[in-house]
Amino acid sequence: MKKNDTLTLEITDITNLGFGVGRADGIVVFVADTVPGDIIRAKIIKVASSYLVGRAEEFLARSDKRDPSRCGVSGCRACSYRELSYAEEIKLKEDTVKQEFIKAGLPELKINPLIPSPLVSEYRNKAQYPVSATKDGKIKIGFYSPKTHNVSEAADCPLTPPVFTKILNTVRSFLERERMSVYDEESHSGLVRHIYLRRSQALGEVLLCIVINGSSFPCSDKLVKEITTSHPEVCGIVLNTNEKKTNVILGDRYKTLWGKDYICDTLAGVKLKISAPAFYQINHGTAELIYKKARELAALKDSDTLLDLFCGTGSIGLSMAKDAKELIGIEIVKEAVECAKFNAEENGIKNAAFFTGDASDCEKLLDEAKRSLGQEIKPDVIVLDPPRAGCSEELLNYIDTLSPKRIVYVSCNPSTLARDIKIMKELNYTAGNVHLYDMFPMTGHVESVVCLTRR
């Protein structure tokens with residue numbers, strides 16, 4: 001096969017990035033915007049040593065696994081499974097997790113059926129939108145297409161609440177009217193980089209954060225007046241400065257232009273204060289289910305010490321605190337630690353303490369907690385909720401030295417979860433059933449919860 005060749009192709013599989021997979025003379029062909037069961041006329045647009053990339057020129061037959069009603073945003077390919085029915089998406093996610101555990105050498109682990117999301121649209125309480133400009137000066141607000149930094153217009157994404165679309169359109173009109181520059185990655189020039197929105201499920205209040213490549217935002221008073229007049233849901237407007245040439249969205253400096261620099265929400269019966277940089281679960285309904293399962297697996301007694309690593313604003317640990325003798329939370333983001341302390345006080349939880357610690361530096365991870373409490377930390381149960389990269393082997397070995405009876409591992413990446421379970425298995429821990437939850441419908445991500453018991 002050569003570039004620009006055409007062929008008839010049956011799509012038999014789909015990747016977690018949403019590319020349909022077919023085969024031509026035994027060679028894998030990846031085609032965007034296709035799903036298993038499609039039969040297409042494809043044009044080869046890239047030839048690599050072990051695979052081909054095609055473009056669908058004509059659909060000869062469309063799969064019955066399609067559901068085009070799920071997303072009506074034209075041209076956006078940020079979601080892997082936007083063309084796939086939700087029933088097929090669930091099957092695919094379950095199979096993906098099983099394959100990850102088989103690849104890790106753990107075929108014996110029981111993978112429970114995936115629990116669907118209570119909402120499959122408008123479920124996101126947070127979204128970070130890159131901003132770019134067309135040649136004629138029009139502002140694009142949306143998401144990056146897969147494997148690129150090309151912004152696809154998606155201000156009216158069906159996964160976010162309608163209030164986000166309204167606020168984004170107001171900001172867009174303001175930027176165009178004031179002729180404000182937007183960020184260009186190649187030249188590292190332009191002012192506005194991202195628009196970041198966060199919403200409280202309980203109260204409906206919204207925090208607006210604008211990320212800029214500069215130290216000031218011209219006409220900020222005008223923006224505040226326009227936003228507060230048009231959108232009473234907005235409880236705060238925050239400016240974040242990120243002048244680094246980086247893919248990291250948020251910088252280290254924040255300035256409150258108006259109102260609060262946080263939102264308040266309630267999750268698993270706990271009232272929470274959540275600042276812009278703090279981690280917080282994106283899908284409120286699914287998070288409730290995960291926290292309930294994590295609490296069940298922790299099986300805490302009133303004599304137990306609970307250690308919550310990667311604790312964020314303390315939400316998961318605080319939801320279990322009343323079952324334990326004491327809760328100790330560790331988090332690297334200082335603003336999140338301050339929120340966690342506030343949340344404990346706000347909920348009248350007296351047996352919780354939160355400290356700053358870096359999970360990549362195990363020797364010092366619990367130093368602040370030890371100094372403050374004046375004692376060694378001997379947890380009976382540890383809760384882990386790490387980022388997608390999972391836990392380092394150094395951290396897992398360190399956790400083993402603490403000798404907890406149980407480890408409740410909440411993961412957003414089945415690949416790193418399987419890797420880490422295999423390490424813990426060698427450290428004398430036994431893994432129970434893997435419980436799956438759909439935190440991110442229409443994407444390739446799956447959330448898992450598993451309990452590791454010390455043998």
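For this chain, numbers begin at 1 and follow the sequence in order. Fair warning: this is a prediction, and the values are worked out from it, not measured in the lab.
- In this structure, CD1 on Ile274 lies 12.5 Å from CZ on Arg199, to the nearest 0.5 angstrom.
- For the 3.5 Å distance criterion, the side chains of Ser152 and Ser145 qualify, holding a donor opposite an acceptor.
- Between Phe440 and Ile282 the shortest side-chain heavy-atom distance falls below 4.5 Å.
- Taking CD from Glu185 and CG from Asn213, the interatomic distance works out to 11.0 Å, rounded to the nearest 0.5 Å.
- Counting only distance, with no hydrogens or angles, the side chain of Asp304 and the backbone of Lys301 share a donor-acceptor pair below 3.5 Å.
- With hydrogens and angles ignored, the 3.5 Å screen pairs no side-chain donor or acceptor of Glu447 with any backbone N or O of Met439.
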Assess whether ring pair (Phe, Tyr, Trp, His ring centres under 6.0 Å) is satisfied between His194 and Tyr183, documenting all intermediate values. CA-CA 9 Å; His194 278 78; Tyr183 187 66; 8.5 Å; no
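- At a threshold of 4.5 Å between non-hydrogen side-chain atoms, the residues Met424 and Tyr409 do not count as touching.
- A donor atom on one side chain and an acceptor atom on the other are found under 3.5 Å apart for Thr430 and Arg455.
- In this structure, Glu205 pairs ionically with Lys260, as a charged nitrogen and a carboxylate oxygen lie closer than 4.0 Å.
- The minimum heavy-atom distance linking Val73 with Ala154 is given by the pair CG1-CA, 4.0 Å.
- With hydrogens and angles disregarded, a donor-acceptor distance shorter than 3.5 Å links the side chain of Asp265 to the backbone of Ala202.
- Looking at Leu272 and Cys264, their side chains never come closer than 4.5 Å, going by heavy atoms from C-beta outward.
- Under the 4.5 Å side-chain criterion, counting only non-hydrogen atoms from C-beta, Val408 is not in contact with Leu384.
- No side-chain heavy atom of Asp308 sits less than 4.5 Å from a side-chain heavy atom of Ile328.
- Here the closest heavy-atom approach between residue Gly432 and residue Leu109 is recorded as O-CD2, 4.3 Å.
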Test Glu346 against Lys273 for salt bridge (charged side-chain N to carboxylate O under 4.0 Å, His left out), laying out the working first. CA-CA 9 Å; Glu346 186 74 4; Lys273 172 184 175 181; over 6 Å; no
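- Put simply, the side chain of Thr266 never gets that close to the backbone of Gly269: no donor and acceptor are under 3.5 Å apart.
- Between Gly105 and Lys422, the shortest heavy-atom distance links the atoms CA-NZ, 4.5 Å.
- Between Gly37 and Ser63, the shortest heavy-atom distance links the atoms C-CB, 3.5 Å.
- Under a cut-off of 6.0 angstrom, the local environment of NZ in Lys425 is sparse, with at most 12 non-hydrogen atoms contributed by other residues, nucleotides or ligands.
- Rounding to the nearest 0.5 Å gives a distance of 11.5 Å between OH of Tyr81 and CD of Glu88.
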Between Ser360 and Asp358, is a side chain to side chain donor-acceptor pair (under 3.5 Å) present by the stated rule, with each step listed? CA-CA 5 Å; Ser360 65; Asp358 184 354; 2.7 Å; yes
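- In this structure, Lys93 contributes its side chain and Thr443 its backbone to a donor-acceptor pair below 3.5 Å.
- For Glu345 (side chain) and Asn347 (main-chain N/O), no donor-acceptor pair under 3.5 Å exists by modelled atom type.
- In this structure, Asp38 contributes its side chain and Ile40 its backbone to no donor-acceptor pair below 3.5 Å.
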List the steps, then state whether side chain to side chain contact (heavy atoms under 4.5 Å, CB included) holds for Lys378 with Leu402. CA-CA 6 Å; Lys378 296 181 179 179; Leu402 299 174; over 6 Å; no
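- Side-chain contact between Leu52 and Lys46 is absent, with no heavy-atom pair separated by less than 4.5 Å.
- Ring centroids of His284 and Tyr123 are separated by 6.0 Å or more, keeping the two rings apart.
- The closest donor-acceptor contact from the side chain of Asp67 to the backbone of Ser85 lies at 3.5 Å or more, if one exists at all.
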For Glu335 and Ser275, run side chain to side chain donor-acceptor pair (under 3.5 Å): C-alpha distance rounded to whole Å, both residues' side-chain angles, the deciding distance at 0.1 Å, then the answer. CA-CA 7 Å; Glu335 294 90 345; Ser275 63; over 6 Å; no
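- Proximity of a side-chain donor or acceptor of Arg70 to a complementary backbone N or O of Val120 within less than 3.5 Å is not detected.
- Interatomic distance, CD of Glu83 versus SG of Cys71, reported as 8.5 Å (0.5 Å rounding).
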Let's go through Glu243 and Arg253 carefully: what are the C-alpha distance in whole Å and the side-chain angles of both, what is the deciding distance for salt bridge (charged side-chain N to carboxylate O under 4.0 Å, His left out) to 0.1 Å, and is it a yes or a no? CA-CA 10 Å; Glu243 296 181 273; Arg253 301 199 308 275; 3.2 Å; yes
Quick one: do Val381 and Ile407 satisfy side chain to side chain contact (heavy atoms under 4.5 Å, CB included)? Show the steps, please. CA-CA 6 Å; Val381 179; Ile407 300 168; over 6 Å; no
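- Between Phe30 and Tyr51, the angle of the ring planes goes over 60°, which puts this pair in the perpendicular group of the 30/60° scheme.
- A cation-pi arrangement is absent between Lys341 and Phe354 under the rule of less than 6.0 angstrom and at most 45 degrees off the ring axis.
- You'll find the side chain of Phe143 stays beyond 4.5 Å of the side chain of Val151, heavy atoms only.
- A distance of 10.0 Å separates CD of Glu94 from CG of Asp438, quoted to the nearest 0.5 Å.
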Test side chain to side chain donor-acceptor pair (under 3.5 Å) applied to Ser315 and Tyr291, step by step: CA-CA 9 Å; Ser315 56; Tyr291 282 26; 2.7 Å; yes
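- For Glu393, the CD atom counts as loosely surrounded, since its 6.0 Å shell holds 12 or fewer non-hydrogen atoms of other residues, nucleotides or ligands.
- Distance OG1/Thr356 to CG/Asp367: 12.5 Å, rounded to 0.5 Å.
- The two residues Ala431 and Leu452 come nearest to each other via the heavy atoms CB-CD2, 3.6 Å.
- Across all their heavy atoms, Val450 and Asn433 have their closest contact at CG2-O, 3.6 Å.
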Evaluate Phe19 against Thr34 for side chain to side chain contact (heavy atoms under 4.5 Å, CB included), listing each step before the verdict. CA-CA 7 Å; Phe19 290 92; Thr34 60; over 6 Å; no
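- Within a 6.0 Å radius of NZ in Lys325, other residues, nucleotides and ligands contribute 12 heavy atoms or fewer.
- Proximity of the aromatic rings of Tyr196 and Tyr129 is defined here by a centroid distance below 6.0 angstrom, and this criterion is not met.
- Asp302 has its side chain out of reach of Asp323: every pair of non-hydrogen atoms, C-beta onward, lies at least 4.5 Å apart.
- A donor-acceptor pair is defined here as one N or O able to donate and one able to accept, closer than 3.5 Å; no such pair exists between the side chain of Thr160 and the backbone of Phe164.
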Can Glu368 and Arg371 be said to form a salt bridge (charged side-chain N to carboxylate O under 4.0 Å, His left out), step by step? CA-CA 5 Å; Glu368 185 182 334; Arg371 283 195 302 271; 5.5 Å; no
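- For Glu363, the CD atom is loosely surrounded, since the number of other residues' heavy atoms within 6.0 Å does not exceed 12.
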Could you go through Arg406 and Arg454, starting from their C-alpha distance and side-chain angles, then the distance that decides it, and tell me whether this counts as side chain to side chain contact (heavy atoms under 4.5 Å, CB included)? CA-CA 6 Å; Arg406 286 178 300 285; Arg454 190 176 187 84; over 6 Å; no
